[in-house]
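Below is one structure; the comments refer to it alone.
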2 protein chains.
Amino acid sequence: MARTTPDGAPSRSRLPARTTDRAPLSRPVVVEAAIAYIDAQGLPGLTMRSLGQSLGVEAMSLYRYVNGREDLLEAVVDHLVGRLRLDPADELAPADGWQGYLQWLAHGVRALAHDHPNAFPLVATRHPAAPWLRPPLRSLDVVEDFLGALTSRGFSDEAAVAAYRAFSSFLLGHLLLEAASRGASTAPVEEPLDEGDADVPQDDTDLRDYPQTERLRELLSQNHDDEEFEVALESLLDRLDLLVSQ
Amino acid sequence: MARTTPDGAPSRSRLPARTTDRAPLSRPVVVEAAIAYIDAQGLPGLTMRSLGQSLGVEAMSLYRYVNGREDLLEAVVDHLVGRLRLDPADELAPADGWQGYLQWLAHGVRALAHDHPNAFPLVATRHPAAPWLRPPLRSLDVVEDFLGALTSRGFSDEAAVAAYRAFSSFLLGHLLLEAASRGASTAPVEEPLDEGDADVPQDDTDLRDYPQTERLRELLSQNHDDEEFEVALESLLDRLDLLVSQ
DNA sequence: ACCTGAACACCGTTCAAGT
DNA sequence: ACCTGAACACCGTTCAAGT
């Protein structure tokens, strides 16, 4: 009764493969479909039912591969963070030292945030599995790489742990803000539902009572994320350098 | 029919004031009740129905004072951030200069995160009203204070805006992590629902394959949030000092 | 083995109706 | 003016039943 109407959206045309021939379901397929859905429609739109629909299947089928919605979101985070592993084949930093590793890692996490701005808040805000894991470097594999890379390159145990904490804070602060501004443009727009009594377009906020903000609005709107990230990263590396040399 | 049983919880004993005499509803009362509820029960538990119950009222009554759930959450954020206003009566920084203001503001936001760890993620992750507002300093009033305080103390326009951005990233990174670790302990525990096939207590994660992490687990579990925050704040102020003096 | 229908206990939200 | 009952369109999740 509730499902008489097909929800308005022409879901059939969105995904060519449907009831007839579709990829066999599996946990990775489900997780990757969830990521694709979040990228395209935003996190709030992801529903067991909508995800099932995007796979040409009823929602209940997903419970074969995923232990409920929370488990699905956890798997999404793990899948995304997984690409931050050190590849042993990569001769990443023979001479670059720990600075090279941290540069590589920082830009890797940043690329992740840029590629999946709607999913990054998940990486950044979900409670990690262990209390000593900190977002966004929230997988044991990545932390193991991190600690090994630093301790094998001159960091004491204490310095490596301190670096892990400082590095996490740095990445979280910068990338969550970047992802938020990018995610806003990607998110599906709300219905305008015209305001009945408004009389003017009012395309920007009214800044009558905020002279400083009004005067600096131009500057505030400019985007310098790239430079700011690089400058702050350099500053952090300089700060960490003090931990090594002492 | 759905409401025959009182949901199990003895809600009557939780809040003494109920159907007989209760505070008259108003928007501030509703918003403060929402904050209290989030503090006590966590964000996921906050529901129009549960909030109504905590006020001794049906959920539908809330729609008189609040424009739906999203509007309620926005009001919660505004209410919390409101306490970061510069009090004109406070003779805060006659001689302390901009460093004194930023110190005051940083510790104010930190106190906010500590007092409301379950609500801080809301402050940190909700899309701000204007694109040039950045969490957690996401109110026009606070930004106006910020820009005025800095430009009147030697910052150029460009430097003041750059400081706003760097300061926001700093606060977000450090305080969201702190709030997450505190919020985890406050959150209402899930039902244990015993695992059928597990054979051992397994009170900590199995770190067999993670030698570095295992070796450093003690260090990783130690909490140095206070010092780390102060050290990073000092470092940021030093960095901003370069913007002023040039 | 894999998927589905039907059902249950929830949500947010609207609106006519009560007092 | 303020609150509520009933209803609607959604959720996540379970489970017996289908193929």
Side-chain angles (χ1 to χ4, degrees), chain A residues 1-9 11 17-31 33-34 37-38 41-76 188 190-191 193 196, chain B residues 1-9 11 17-31 33-34 37-38 41-76 188 190-191 193 196:
Chain A
M1 196 172 287
R3 319 226 55 246
T4 323
T5 56
D7 268 80
S11 63
R18 259 183 67 86
T19 61
T20 144
D21 58 336
R22 66 175 176 235
L25 251 43
S26 69
R27 189 171 165 101
V29 165
V30 169
V31 171
Y37 195 98
I38 294 172
Q41 310 288 337
L43 187 54
L46 180 72
T47 246
M48 298 303 281
R49 287 168 152 100
S50 67
L51 178 57
Q53 188 175 233
S54 87
L55 285 163
V57 113
E58 298 298 315
M60 311 83 188
S61 312
L62 302 175
Y63 287 84
R64 290 236 132 225
Y65 309 97
V66 140
N67 235 331
R69 185 171 201 263
E70 288 301 293
D71 181 50
L72 171 64
L73 295 182
E74 211 58 52
V76 162
E190 309 261 327
E191 301 278 300
L193 67 90
Chain B
M1 199 172 287
R3 317 227 54 246
T4 323
T5 57
D7 269 79
S11 62
R18 258 184 68 87
T19 61
T20 146
D21 58 337
R22 66 178 176 232
L25 250 45
S26 70
R27 189 171 166 101
V29 165
V30 169
V31 171
Y37 195 98
I38 295 171
Q41 310 287 336
L43 188 54
L46 180 73
T47 244
M48 297 304 281
R49 287 168 152 98
S50 67
L51 178 58
Q53 187 175 234
S54 88
L55 285 163
V57 114
E58 298 299 315
M60 312 81 188
S61 311
L62 303 175
Y63 287 84
R64 289 236 134 226
Y65 308 97
V66 141
N67 235 333
R69 185 170 201 264
E70 288 302 293
D71 180 50
L72 171 63
L73 294 182
E74 212 58 54
V76 163
E190 308 260 328
E191 300 278 300
L193 68 90

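Chain naming here is simple, since letters A, B, ... match the order of the sequence lines and numbering starts at 1 in each. Note that the structure is predicted; figures quoted are calculated from it, not measured. All heavy atoms count here, side chains included; hydrogens, waters and symmetry mates do not.
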Looking at [X], I'd like to know whether one of its side-chain N or O atoms comes within less than 4.0 Å of OP1 or OP2 on [N].
X	N	result
A:Tyr65	C:dC3	yes
A:Thr47	D:dG12	yes
B:Ser61	D:dC2	no

In whole Å, I'd like the distance from the [atom1] atom of [X] to the [atom2] atom of [N].
X	N	atom1	atom2	result
A:Arg49	C:dC11	CZ	C1'	12 Å
B:Leu51	D:dC3	CG	C1'	15 Å
A:Met48	C:dC3	CE	P	13 Å
B:Glu70	C:dC11	CD	P	16 Å
B:Leu62	C:dC11	CG	P	13 Å
A:Leu46	D:dC11	CG	C1'	12 Å
A:Arg64	C:dA1	CZ	P	8 Å

### Task
Write down the partner of C:dA9 under the Watson-Crick or G-U wobble criteria, each distance required to be under 3.5 Å.
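Partner of C:dA9: none found under 3.5 Å.
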### Query
Which nucleotide, in any strand shown, forms a Watson-Crick or G-U wobble pair with C:dA16, with both distances under 3.5 Å?
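Pairing partner, where one exists within any strand: D:dT4.
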### Message
Just so I know, are the side chains of A:Leu46 and A:Val76 near enough to count as touching, which here means a heavy-atom distance under 4.5 Å?
### Response
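When only atoms from C-beta onward are counted, A:Val76 and A:Leu46 do not touch, as no gap falls below 4.5 Å.
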### Query
What's the spacing between A:Asn67 CG and A:Arg27 CZ if we round to 0.5 Å?
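Nearest 0.5 Å value for the CG-CZ distance: 7.5 Å.
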### Separation of A:Met60 CE from A:Leu62 CG (nearest 0.5 Å)
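So the gap between those two atoms works out to 9.5 Å.
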### Query
Reckon B:Met60 touches a base, only the sugar-phosphate, or nothing at all at heavy-atom distances under 4.0 Å?
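Result for B:Met60 = base.
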### Task
Under 4.0 Å between any heavy atoms, over every strand shown, what does B:Arg69 touch: base, sugar-phosphate, or nothing? Just pick one.
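Touches sugar-phosphate only.
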### Task
Identify which nucleotide among C:dC3, D:dT4, C:dC11 has an atom closest to any side-chain atom of B:Glu58, counting heavy atoms from C-beta outward.
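The closest nucleotide is D:dT4.
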### Message
Can you identify which nucleotide, out of C:dC2, C:dA6, C:dG12, has its nearest atom closest to the B:Tyr63 side chain?
### Response
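Comparing C:dC2, C:dA6, C:dG12 against the side chain of B:Tyr63, the answer is C:dG12.
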### Message
Using every non-hydrogen atom in the two residues, find where A:Pro24 and A:Val29 come nearest and quote the distance to one decimal.
### Response
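Taking every non-hydrogen atom into account, O-CG2, 3.9 Å.
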### Query
Does any N or O in the side chain of A:Ser50 come within less than 3.5 Å of the main-chain N or O of A:Gly45, such that one atom is a donor and the other an acceptor?
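Here the side-chain-to-backbone pair exists.
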